[in-house]
Amino acid sequence: MGSVLSYAWGSSQDPALDTPDIATGLTKREKLAVKKTWAIVMQDQKTHGVQLFIFLFETHPSAIDYFKKFRGKTLKYIAKSPSLRAHATTVIQSLNNMVDSLDDPECLAELVHRIGVSHQARGITRNLFDLLAETIVNYMKSHSLLDDFATSSWQKTLNKINDLAEEAMTEETDE
């Protein structure tokens, strides 16, 4: 699969594909890898969203505590919860908006700013954003959606998003 995915990122030796964007630090080739792999997730976004959160709760059970409705509930109960489907859909749509905005850094910054502020008010920290980023990458790898290049592209993208979220959370606490 790696060779097929590598072909999808472009085999061109065009240096412009590997020149980092000043605002995001991402190259066109990295953005393409993120967008193409994300398009696969978006084909069944609700299912992937729920599975992503179940994967998070399986690998990091303490994350359940950040969801009042799920505290003390089994994963089987949580997986069937309309509340989880709704939240997972919101998260997937938010991620989709961010992926769609990789070529519009100002819009990306504003989208992430809103998320950072709203989550900071709920006591969510950078560490939890990083945990979710790690979970997203590992989830996608577990579904054979990422080769090594796409993995590093996602890690770089999510790190930039989390940097922006942290800036928003810091601004709100400094004011």
Side-chain angles (χ1 to χ4, degrees), residues 1-2 5-6 9 20-21 24-27 29-68 70-71 73 75 78-79 81 84-102 105 108-109 111-170:
M1 179 166 198
L5 289 176
S6 297
W9 315 148
D21 178 287
T24 64
L26 299 168
T27 67
R29 197 181 309 267
E30 289 167 333
K31 291 176 189 179
L32 180 63
V34 168
K35 289 177 181 184
K36 289 209 178 245
T37 54
W38 188 248
I40 298 167
V41 171
M42 290 304 292
Q43 291 174 4
D44 192 3
Q45 59 186 300
K46 196 174 290 184
T47 299
H48 281 294
V50 169
Q51 289 178 354
L52 172 67
F53 274 92
I54 295 303
F55 188 80
L56 170 67
F57 298 150
E58 287 173 342
T59 55
H60 302 283
S62 62
I64 294 172
D65 293 338
Y66 290 93
F67 298 85
K68 292 178 188 176
F70 303 150
R71 289 182 192 151
K73 306 289 193 243
L75 284 180
I78 294 169
S81 167
L84 177 63
R85 284 194 310 279
H87 185 71
T89 300
T90 299
V91 170
I92 293 294
Q93 280 299 317
S94 293
L95 282 165
N96 188 58
N97 291 339
M98 289 180 238
V99 169
D100 281 349
S101 296
L102 289 176
L108 175 64
L111 289 167
V112 177
H113 184 271
R114 292 176 184 184
I115 290 168
V117 170
S118 72
H119 282 74
Q120 188 269 337
R122 292 185 228 136
I124 304 300
T125 64
R126 168 65 188 252
N127 290 342
L128 292 169
F129 276 94
D130 288 341
L131 180 67
L132 182 59
E134 173 190 316
T135 301
I136 291 166
V137 170
N138 288 335
Y139 172 80
M140 291 178 74
K141 285 172 65 174
S142 76
H143 284 75
S144 301
L145 299 177
L146 305 180
D147 62 8
D148 290 343
F149 182 76
T151 297
S152 67
S153 298
W154 268 100
Q155 290 167 332
K156 192 172 175 182
T157 299
L158 292 170
N159 190 56
K160 178 61 179 179
I161 288 170
N162 288 354
D163 286 347
L164 292 169
E166 183 177 36
E167 285 174 25
M169 292 185 286
T170 303

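If you're wondering where the values come from, they're calculated on a predicted model, not measured in any experiment. The basis for the numbers below is simple: all heavy atoms, side chains too, and nothing from hydrogens, waters or symmetry mates.
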Walk me through it: do Asp130 and Glu134 pass the test side-chain contact (heavy atoms from CB on, under 4.5 Å)? CA-CA 6 Å; Asp130 288 341; Glu134 173 190 316; over 6 Å; no
Tell me whether the count of non-hydrogen atoms from other residues, nucleotides or ligands lying under 6.0 Å of CG in Asp148 goes above 12. no
Grab the two heavy atoms, one from [X] and one from [Y], that are nearest each other, plus how far apart they are.
| X | Y | value |
| --- | --- | --- |
| Thr24 | Leu102 | CG2-O, 4.1 Å |
| Ala150 | Ala33 | CA-CB, 4.2 Å |
| Leu75 | Ile54 | O-CD1, 4.0 Å |
| Ser142 | Phe55 | OG-CE1, 4.2 Å |
| Val112 | Ile161 | CG1-O, 3.2 Å |
| Met169 | Ile124 | SD-O, 3.4 Å |

Distance from [X] atom [atom1] to [Y] atom [atom2], nearest 0.5 Å?
| X | Y | atom1 | atom2 | answer |
| --- | --- | --- | --- | --- |
| Asn159 | Ser152 | CG | OG | 12.5 Å |
| Met140 | Ile136 | CE | CD1 | 8.5 Å |
| Leu56 | Gln51 | CG | CD | 13.5 Å |
| His48 | Tyr139 | NE2 | OH | 4.5 Å |
| Thr151 | Leu146 | OG1 | CG | 4.5 Å |
| Asp65 | Arg71 | CG | CZ | 6.0 Å |

Strictly distance-based, threshold 3.5 Å: is any side-chain N or O of [X] a donor or acceptor partner for the main-chain N or O of [Y]?
| X | Y | answer |
| --- | --- | --- |
| Arg85 | Lys46 | no |
| Glu30 | Thr27 | yes |
| Lys156 | Gly25 | yes |
| Ser101 | Met98 | no |
| Ser118 | Ile115 | yes |
| Arg126 | Glu166 | no |
| His113 | Ala109 | no |

Take the angle between the ring planes of Trp154 and Trp38 and call it parallel below 30°, perpendicular above 60°, tilted in between. tilted
side-chain contact (heavy atoms from CB on, under 4.5 Å), that's the test. Do Phe53 and Thr135 meet it? Break it down for me. CA-CA 9 Å; Phe53 274 92; Thr135 301; over 6 Å; no
Taking the basic N atoms (NZ, or NE/NH1/NH2) and the acidic carboxylate oxygens, is any pair closer than 4.0 Å for Asp21 and Lys31? yes
Going by the ring-ring contact (aromatic ring centres under 6.0 Å, His included) test, name the single residue among Phe70, Phe67, Tyr66 that passes it with His87. Phe67
Carefully, step by step, assess Lys141 and Val137 under the rule side-chain contact (heavy atoms from CB on, under 4.5 Å). CA-CA 6 Å; Lys141 285 172 65 174; Val137 170; 3.8 Å; yes
May I have the step-by-step check of side-chain contact (heavy atoms from CB on, under 4.5 Å) for Leu164 and Leu108, ending in yes or no? CA-CA 9 Å; Leu164 292 169; Leu108 175 64; 4.3 Å; yes
